[in-house]
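Nothing here was measured: the structure is a model prediction, and the numbers come from that model. As a basis for the values below, the full set of heavy atoms in this structure was taken, side chains included, without hydrogen atoms, waters or symmetry mates. In what follows, chains carry the letters A, B, and so on, assigned in the order in which the sequence lines appear, proteins first and then strands, with residues in each chain numbered from 1.
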Amino acid sequence: MASHMTRRTALGSAVALGFAASSLGLTGKADAQAKTDMPAKANAQPPTVFTLPPLPYAFDALQPHIDAKTMELHHGKHHQAFINNLNTAAAEYPGLLNKPIQDILKDLASLPEAVRMLARNNLGGHANHSMYWQIMGKPGTKPDSEISAIIERDFGGLEKLQTAFNTAAAKVFGSGWAFVTVSSDGKLAIEARPNQDSPLMDGKRVLFGNDVWEHAYYLNYQNRRPDYLKSWWNVLNWDKVSERYKQAKAGTLVI
Amino acid sequence: MSFTLADLPYAHDALQPYMSKETLEYHHDKHHLAYVNNGNNLVKGTEWEGKSLEDVVKGSFGKNAGLFNNAGQHYNHMHFWNWMKPNGGGAIPGKLEAKIITDLGSVEKMKEDFIQAGITQFGSGWAWIALKNGKLEIMKSANGESPLVMGATPILGCDVWEHSYYIDYRNRRPDYLKAFIDHLVNWEYVDQLFEKAAV
């Protein structure tokens with residue numbers, strides 16, 4: 001009965017609902033229910049829908065460096081699982097995940113505790129993987145003169161960048177990522193993160209990154225992560241890296 | 001005392017079809033061996049050199065990450081091989097079963113919660129049954145951590161690093177955990193650790 005009244009009142013204003021709920025002395029559970037209903041009805045806003053970005057190349061495009069089966073599972077199962085979890089969460093907590101991904105990740109602390117870890121893991125995973133598919137491609141691209149000069153300036157050359165990056169990635173104990181971040185003035189830096197954490201969580205921007213969860217390489221390289229790391233540079237799409245570098249400096253790079 | 005890699009207590013193909021020969025070859029002969037070798041290198045010259053494995057694990061936790069990771073994983077894997085056996089997962093010895101029912105609800109509930117702990121361990125890690133302050137608890141831990149560093153004694157653990165199941169189960173971690181608890185667990189070994197911890 002009380003619940004019916006609450007629902008009807010909710011069609012009025014949020015203020016009226018708050019008053020009705022407290023004056024009726026509703027139980028905590030019904031109160032929580034009313035609060036959940038309120039923003040959805042007041043704003044008539046549908047939950048955010050997350051979708052799996054299509055792989056910008058065929059599953060076998062990165063062979064022999066990354067095999068087709070790994071790509072199929074990694075994109076179609078692992079990334080899809082993050083998407084599914086996010087859609088479940090978006091339906092359960094309407095309004096909380098309807099901001100740009102980079103804005104949510106930068107401010108995870110402002111999310112209610114019940115959603116925070118879920119967003120950290122799944123939205124982090126969604127952002128990291130969306131970046132990862134984009135910055136890989138058919139072997140054969142080369143760094144252009146602008147990015148080469150920056151790499152020379154910040155790392156002392158491509159080989160030094162590769163060695164430092166691979167060392168950081170090899171050192172991740174358990175699951176995680178290695179990234180090259182780019183500041184708004186174009187400075188590059190290497191950092192590693194556990195699980196699906198991302199430099200986006202500190203408001204930074206990622207130029208490119210490599211996934212060192214075992215699912216990224218186990219079918220092809222098993223325990224030999226260093227071999228995967230070495231081979232992976234063959235599928236880094238330098239054209240995309242250059243594009244992202246320009247976007248970072250222009251302030252338009254998002255994830 | 002340096003760390004050494006013991007042989008598997010069964011043939012590499014003994015746990016098929018639930019865990020393949022290939023998985024055990026990589027997992028025992030490569031991954032576990034790397035933890036042993038790295039652990040031996042990293043313990044040299046530290047205050048833990050010559051200490052028992054359990055003391056190294058507990059002592060280095062929070063103080064020496066490299067050593068802790070490798071010693072912790074050596075400890076976890078040393079037991080993991082014994083926590084499994086061919087045709088495992090059968091009846092649970094009576095006293096342990098009674099304790100499971102008292103502390104964890106029922107055998108079915110224990111299995112369900114153990115599987116859930118493994119599924120919800122995000123990233124690499126382990127699912128556990130441990131004895132803490134005289135009571136059994138279901139726990140989970142990240143990477144090389146274990147109940148040893150949570151003030152408890154593990155009596156059963158399942159490795160949920162992807163290298164433990166990716167060849168056989170791919171992304172289907174829940175299927176691996178179910179197979180482990182239903183067909184692989186060596187409850188006699190769990191019982192031995194329980195008896196020892198309960199003293």
- Message: Using the rule given for side-chain contact (heavy atoms from CB on, under 4.5 Å), can you reason through A:Leu73 versus B:Tyr166, listing the C-alpha separation, both sets of side-chain angles and the distance that settles it, and then say yes or no?
- Response: CA-CA 11 Å; A:Leu73 291 164; B:Tyr166 213 77; 3.7 Å; yes
- Does A:Arg120 CZ have over 12 foreign heavy atoms under 6.0 Å away? no
- Message: Would you say NZ of B:Lys178 has more than 12 non-hydrogen atoms from neighbouring residues, nucleotides or ligands within 6.0 angstrom?
- Response: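 No, because the 6.0 Å sphere around NZ of B:Lys178 holds 12 heavy atoms or fewer from other groups.
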With rounding to the nearest 0.5 angstrom, report the [atom1] to [atom2] distance, [X] to [Y].
| X | Y | atom1 | atom2 | result |
| --- | --- | --- | --- | --- |
| A:Tyr218 | B:Trp161 | OH | CH2 | 11.0 Å |
| A:Gln222 | B:Glu22 | CD | CD | 6.5 Å |
| A:Asn223 | B:Asp29 | CG | CG | 10.0 Å |

- Note on the structure: Sorted by chain and residue number, the side chain to side chain donor-acceptor pair (under 3.5 Å) partners of B:Ser141 (sequence neighbours excluded) come out as B:Trp128
- Which residues satisfy the side chain to side chain donor-acceptor pair (under 3.5 Å) test with A:Lys138, sequence neighbours excluded?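 So A:Lys138 forms no side chain to side chain donor-acceptor pair (under 3.5 Å) with any residue.
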- Per-residue contacts, residues 169-177 of chain A versus chain B, heavy atoms under 4.5 Å: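 Listed by number: A:Phe173, A:Gly174, A:Ser175.
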- In sequence, state the C-alpha distance, the side-chain angles, and the governing distance for A:Leu219 and B:Arg170, and then conclude on side-chain contact (heavy atoms from CB on, under 4.5 Å). CA-CA 9 Å; A:Leu219 296 183; B:Arg170 309 294 166 88; 3.7 Å; yes
- Query: Once the angle between the rings of B:Phe122 and A:Trp213 is folded into 0 to 90°, is it parallel (under 30°), tilted (30 to 60°) or perpendicular (over 60°)?
  - Reply: perpendicular
- Could you please state which residues from residues 146-160 of chain B sit under 4.5 angstrom from chain A, measuring non-hydrogen atom to non-hydrogen atom, sorted by number, or 'none'?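 Listed by number: none.
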- Item | Largest heavy-atom contact set with chain A, pairs under 4.5 Å, which of B:Ala34, B:Gly123, B:Ala65 | B:Gly123
- Message: Counting only non-hydrogen atoms closer than 4.5 Å, does A:His78 touch chain B with its backbone (N, CA, C, O), its side chain (CB onward), both, or neither?
- Response: side chain
- Message: Apply side-chain contact (heavy atoms from CB on, under 4.5 Å) to residues B:His31 and A:Glu214 and explain how you reach the verdict.
- Response: CA-CA 12 Å; B:His31 289 279; A:Glu214 288 171 322; 3.8 Å; yes
